[in-house]
Every structure is written in C-alpha cells, then in structure tokens.
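This report refers to the structure that appears directly beneath it.
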There are 2 protein chains.
Amino acid sequence: MTNSDAKRPSGCPIAFGLDTFGDRWTLLIIREMLFRGKSTYGDFLAADEGISTNILANRLKHLEAEDIVMKRRDPENFRSFLYELTPKGFDLAPILIEIVRWSGRHDDRPDRLTEMVNRVENDREGLGREIEARRSAAQQNRAASERQGQQIN
Amino acid sequence: MTNSDAKRPSGCPIAFGLDTFGDRWTLLIIREMLFRGKSTYGDFLAADEGISTNILANRLKHLEAEDIVMKRRDPENFRSFLYELTPKGFDLAPILIEIVRWSGRHDDRPDRLTEMVNRVENDREGLGREIEARRSAAQQNRAASERQGQQIN
DNA sequence: TTCTTCAGCTTGCATTTTGCAAGTTCACTT
DNA sequence: AAGTGAACTTGCAAAATGCAAGCTGAAGAA
C-alpha cells in the first residue's frame with residue numbers, strides 16, 4: 001500500500017499513521033529492529049508474540065512498499081536477507097517510546113517485565129545513542145549497497 | 001478485556017499497549033475526545049473516517065473496561081450519554097502527538113491537511129494547555145458525578 | 001553432480017473480525 | 001398516546017487472521 005491508496009483518506013495525520021502502521025503486528029516488527037537489533041525473517045518469526053509466517057511476509061512487503069524498511073541480501077550469508085529500517089522507519093522511535101512510557105505507567109500486571117520501561121525512563125540518553133548508532137550503521141549499509149549496485153532478489 | 005486476559009502476554013510494554021489500543025479504530029475515538037472535545041456516541045459516529053456502529057459500541061465498551069474512558073449521563077440532556085477520558089486515557093496524548101509529528105514529516109500526499117500538524121509543531125504549548133483544560137474539566141465532572149452518586153445506565 | 005539443509009517465503013482452509021443495513025430500546029417531546 | 005432522537009443490538013456477507021503444509025533457491029555435504 002502506498003500513501004495514495006490509504007484506506008481512510010480523511011486527511012487526518014492520526015488516520016494516516018494508523019493506515020501505515022496501525023495494525024496488530026507492524027509495530028512489533030519495528031520494535032524488533034529498533035530496540036533489539038533484529039534483522040532477518042527468522043528473527044521476526046522467533047519473537048515472543050508468535051507472528052505467523054504469512055502475516056509476517058505480508059507486513060514486510062507492506063513496510064518495504066512504504067519505504068519504512070529496506071531489504072537486501074546478507075553479504076555474510078548470501079542465502080539470507082537483511083531487513084533494515086530506513087530513516088522514515090527510525091523516525092517511528094518516539095512513538096514506540098511513548099507507548100513504552102504509557103505501558104510503564106498503566107500496566108499493573110504483577111509479572112510485567114520492566115527492563116524496557118526502566119531503560120526508557122532511566123537511561124533515555126543511552127537508548128537514544130543506541131538507536132542513533134543503529135541509524136547511522138543502517139545508513140552506511142545503504143550507501144555501501146548502492147556503491148555495489150547490490151541485487152535484492 | 002482487562003489487563004489480565006491480554007492476547008499477547010509477552011510482558012513487552014509495546015505488546016501491552018497494542019493489546020489495549022492497537023486496533024484500527026480505538027485511537028481515532030481517542031483523537032475525537034482528546035483533540036476535538038467530542039464526547040457522544042453520535043459525535044464518534046459522525047467522524048470523517050466513518051466507523052460503523054457495531055464496532056464503535058464494541059470499542060467503547062472495551063475502553064470503559066480498560067478504564068480509559070468513563071461513561072455517564074449527560075446532565076443537560078438525560079437521554080444522551082457523555083464519554084470522557086480518564087487520566088489513563090489522557091495519558092495517551094503523547095503517543096497521539098508523536099503520531100501526528102511522524103505523519104507531518106512523512107505524509108507527502110498533496111491534499112494532506114496540516115492544521116493538526118501545524119498545531120503540534122508550532123503551538124505545542126497551546127495544545128498542551130487545551131488538553132490540560134479538558135483533563136481538569138473531566139476531573140471536575142468525575143468528582144461531581146461521585147458526589148451525586150450518579151447512575152450510569 | 002546429486003542430496004540435504006536452511007532461510008524465506010506461498011498456498012489452502014478454518015476461524016475470527018469487520019462492515020453494512022436493519023431493527024430495538026428508552027427518554028424525552030408534542 | 002404517538003413521535004422522535006440517541007444509543008445501541010442483531011444478522012449476515014466480506015475481509016483479515018491464524019495455522020499447517022508445501023515450495024524455492026542458495027550453500028554445504030557426499
């Protein structure tokens with residue numbers, strides 16, 4: 001789906017955002033990339049929530065079409081692919097961080113994990129640097145791929 | 001749905017948030033309340049995106065169960081109801097604001113409306129005050145309702 | 001050079017969720 | 001007593017999701 005065939009062409013930026021990443025899985029895939037440095041199809045399949053393979057394939061295709069992720073061959077393992085966030089994808093970080101903060105305040109289940117919440121509340125700078133590092137690494141990779149005219153399929 | 005019967009009990013705060021408000025309609029309902037001061041079932045039905053009545057009823061029930069909205073009779077029109085955000089609901093504001101900012105940066109459709117984006121980028125303080133005003137008005141109303149032991153159905 | 005494995009999908013089908021339209025209830029209004 | 005407006009509820013068709021099984025193409029093993 002590109003921007004022009006949005007399901008809800010209401011002009012509202014909230015609606016636009018939800019049309020782009022507002023389903024039950026997309027932000028979890030982004031989380032894997034942004035906060036956990038994951039990058040392969042198998043990584044995403046292995047995430048705790050158990051996304052099914054057809055949905056994952058569908059969402060990755062959608063995210064590529066939206067220019068939120070880029071797919072390229074893994075230069076170290078040529079039968080695998082790497083999915084990496086674009087700048088547009090990295091820009092989703094503040095949204096995810098605010099979701100983490102909200103959940104940290106309002107999830108009162110006894111067994112909730114607080115690692116990510118603690119990170120966001122007590123080491124926002126460190127987290128920011130980590131994400132920034134991933135962002136510039138991704139940029140290096142994009143540049144390198146372009147230099148090599150790298151094939152994608 | 002209460003916190004304890006989450007669809008994805010992974011312990012991740014992102015997953016928790018998505019289980020609570022991560023469908024295609026919930027945040028649009030919240031938007032009507034938070035940014036547009038809307039409060040009735042009819043208001044929500046009339047929103048641009050055209051939510052259907054059964055889905056709306058379902059989501060409002062869910063939001064009430066999650067303590068994100070409260071429902072009470074309209075004291076000025078006793079056959080109508082008012083849906084108002086709780087503090088937990090108001091706390092969603094930063095998430096919506098970050099979605100607006102992201103869309104402002106990345107929605108490049110020619111006909112996109114920028115009113116809300118402009119507001120967020122150029123009058124964040126004014127917007128903050130407006131939301132804060134709604135929050136304290138809601139608190140007054142909750143207090144008043146409790147004083148009167150107001151019935152809800 | 002064929003055989004196996006691994007990563008990344010695609011396909012088929014049952015279940016669930018969504019969307020649309022029509023009908024119901026209850027509190028007023030006339 | 002009949003009518004109207006607001007807030008739902010119900011029934012059913014269409015779409016999305018979830019699960020399991022199968023396919024494909026690159027690498028490494030035999």
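Chain letters run A, B, ... following the sequence lines, proteins first, then strands; residues in each count from 1. This is a predicted model, so every value here is computed, not measured.
Here A:T53 does not reach the OP1 or OP2 of C:dT10: none of its side-chain N or O atoms lies under 4.0 Å away. Side-chain N/O atoms of A:R73 include none lying less than 4.0 angstrom from OP1 or OP2 on C:dG8. The phosphate of D:dA15 has neither OP1 nor OP2 within less than 4.0 Å of any side-chain N or O from B:R24. Of the side-chain N and O atoms in A:W25, none sit less than 4.0 angstrom from OP1 or OP2 of D:dA16. Residue A:S80 places at least one side-chain N or O closer than 4.0 Å to OP1 or OP2 of C:dG8.
The distance from atom OG1 of B:T86 to atom CD1 of B:I68, rounded to the nearest 0.5 Å, is 6.5 Å.
Between B:L60 atom CG and D:dA7 atom P the separation is 10 Å, expressed in whole Å. When the C1' atom of D:dG28 is taken as reference, atom CG of A:N77 falls 11 Å away, rounded to whole Å. The distance between atom CZ of A:F81 and atom P of D:dA26, rounded to the nearest whole Å, is 9 Å. In this structure, the CG atom of B:D19 is 13 Å from the P atom of C:dT17, given to the nearest Å. As rounded to whole Å, 13 Å separates atom C1' of C:dG19 from atom CG of B:N58. Rounded to an integer number of Å, the gap from CG of A:L56 to P of C:dT10 is 11 Å. One can place CD1 of B:I55 at 10 Å from P of C:dT17, the figure rounded to the nearest angstrom. In this entry the distance linking CG of B:D74 with C1' of C:dC26 reads 16 Å, nearest Å.
Contacts of B:N54 with the nucleic acid, taken as non-hydrogen atoms under 4.0 Å apart, include base atoms. As judged by a 4.0 angstrom heavy-atom cut-off over every strand, A:Y83 is placed among residues touching the sugar-phosphate backbone only.
Between C:dG8, D:dA26, C:dT10, one nucleotide has an atom nearer to the side chain of A:K61 than all others, and that is C:dT10. The side chain of A:F78 lies closest to D:dA27 when the candidates are D:dA7, D:dA27, D:dC19. Ranking C:dC28, D:dG18, D:dA7 by closeness to the B:R79 side chain, first place goes to C:dC28. Of all nucleotides listed (C:dG8, D:dA16, D:dC8), D:dC8 comes nearest to the side chain of B:K71. Proximity note for B:R59 (side chain, C-beta onward) versus D:dT9, D:dA6, C:dT18: the nearest is C:dT18. Of the candidate nucleotides C:dT10, D:dA16, C:dC28, C:dT10 has the atom lying nearest to any side-chain atom of A:Y41.
Donor-acceptor pairing under 3.5 Å is recorded for the side chains of B:Y41 and B:T53.
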**Prompt:** Does the side-chain hydrogen bond (donor to acceptor under 3.5 Å, both in side chains) test come out yes or no for A:T20 and A:E66, once each step is laid out?
**Reply:** CA-CA 8 Å; A:T20 308; A:E66 288 286 2; 4.5 Å; no
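Electrostatic pairing of B:R105 and A:D91 counts as a salt bridge here, judged by a charged N lying under 4.0 Å from a carboxylate O. The pair B:R135-B:E132 meets the salt-bridge criterion, with a side-chain N (NZ, NE, NH1 or NH2) lying under 4.0 Å from an Asp/Glu carboxylate O.
Side chain of B:W102 to main chain of A:A93: no donor-acceptor pair is present (N/O by atom type, distance under 3.5 Å, no hydrogens or angles).
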